[in-house]
Amino acid sequence: MLAQKQDAWDLRVVRGRLHRVEEIYALPEGRHAELIDGHWYEMAAPSRVHQYLVSMLTTELNLYIREKGGDCEVYPAPFAVFLKDDGYNYLEPDVVVVCDKEKLKKDGVHGGPELVIEIVSPSSVARDYVVKSVQYQK
């Protein structure tokens, strides 16, 4: 645990070391971040258009799955994706589809979901197209 909780989320203070998933759960209300191989990526609040797209995609995917008699589940963010169960990786894609119920746990999905949707915002272009894309492909 970090020495001073007040300074813990000032990213200038905590850069330069690997971070763990426990730190995500200790974030103050309203703060969101992702971890990729222990590297911290703070997330800005989504825009209205971003949230509208998440809502529409989630609705359409749920309707499609129900219409086809599927058994998959659709989750909008915030929903934890643990691609690696190593304590150093925690992602929150915008929309996730999980068909393998064995991967679903109380805290999110452990392992790769069947579908991940990222709505790319100007502030997240490099992270979404490069850093996170590589993680999802692995």
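Everything numeric here is computed off the predicted structure, so don't read it as measured data. Keep in mind that the numbers below use all heavy atoms, side chains included, and drop hydrogens, waters and symmetry copies.
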ask   = Would you say the side chain of Val125 lies within less than 4.5 Å of the side chain of Val130, judging by non-hydrogen atoms?
value = no
query = If every non-hydrogen atom of Ser121 is compared with every non-hydrogen atom of His50, which pair is closest and at what distance?
reply = OG-CD2, 3.5 Å
ask   = Counting N and O atoms only, with roles assigned by atom type, does the side chain of Lys105 sit under 3.5 Å from a partner on the main chain of His110, one being a donor and the other an acceptor?
value = no
Residues 68-83, side-chain donor-acceptor partners within the protein, below 3.5 Å, at least two apart:
from, atom 1, to, atom 2, distance (Å)
Asp71, OD1, Lys101, NZ, 3.3
Asp71, OD2, Lys101, NZ, 3.2
Glu73, OE1, Tyr75, OH, 2.1

key: Trace of the side-chain contact (heavy atoms from CB on, under 4.5 Å) decision for Val131 with His39   = CA-CA 11 Å; Val131 179; His39 297 282; over 6 Å; no
query = Do Leu61 and Leu115 pass the side-chain contact (heavy atoms from CB on, under 4.5 Å) test, and can you show the C-alpha distance, the side-chain angles, and the key distance before you say yes or no?
reply = CA-CA 10 Å; Leu61 286 165; Leu115 178 67; 4.2 Å; yes
Single-linkage hydrophobic cluster, 4.5 Å side-chain cutoff, Ile65 and Val54 together = yes
query = Just wondering, do Val116 and Pro113 contact through their side chains at under 4.5 Å, heavy atoms?
reply = yes
query = side-chain contact (heavy atoms from CB on, under 4.5 Å) between Ile36 and Tyr41: does it pass, once the steps are laid out?
reply = CA-CA 8 Å; Ile36 300 174; Tyr41 296 89; 3.9 Å; yes
ask   = Hey, are Tyr136 and Glu118 close enough side-chain-wise for a donor-acceptor pair under 3.5 Å?
value = yes
query = Does the pair Arg17 and Glu23 meet the rule for a salt bridge (Lys or Arg N to Asp or Glu O under 4.0 Å), with working shown?
reply = CA-CA 12 Å; Arg17 69 171 178 80; Glu23 294 175 69; 3.0 Å; yes
query = Same cluster for Leu104 and Ile117 if Ile/Leu/Val/Met/Phe/Trp/Tyr side chains link at under 4.5 Å?
reply = no
query = Transitively linked via ILVMFWY side-chain contacts under 4.5 Å: Leu91 with Val98?
reply = yes
request  = Find out whether Arg31 and Glu42 are in side-chain contact, i.e. whether some heavy atom of one side chain is under 4.5 Å from a heavy atom of the other.
outcome  = yes
message = Grouping I, L, V, M, F, W and Y whenever their side-chain heavy atoms are under 4.5 Å apart, do Val134 and Leu35 come out in a common cluster?
response = no
query = Under 3.5 Å, side chain of Asn89 to main-chain N/O of Lys84, donor-acceptor pair present?
reply = no
request  = Determine, stepwise, if the pair Gln51 / Ser47 fulfils side chain to side chain donor-acceptor pair (under 3.5 Å).
outcome  = CA-CA 6 Å; Gln51 290 303 90; Ser47 70; over 6 Å; no
query = Are any non-hydrogen side-chain atoms of Glu60 and Leu57 less than 4.5 angstrom apart?
reply = no
remark   = The ring-ring contact (aromatic ring centres under 6.0 Å, His included) partner of His19 among Trp40, Tyr90, Tyr25, Tyr88 is Trp40
request  = Compare all side-chain heavy atoms of Glu114 with those of Val96 and state whether any distance is below 4.5 angstrom.
outcome  = no
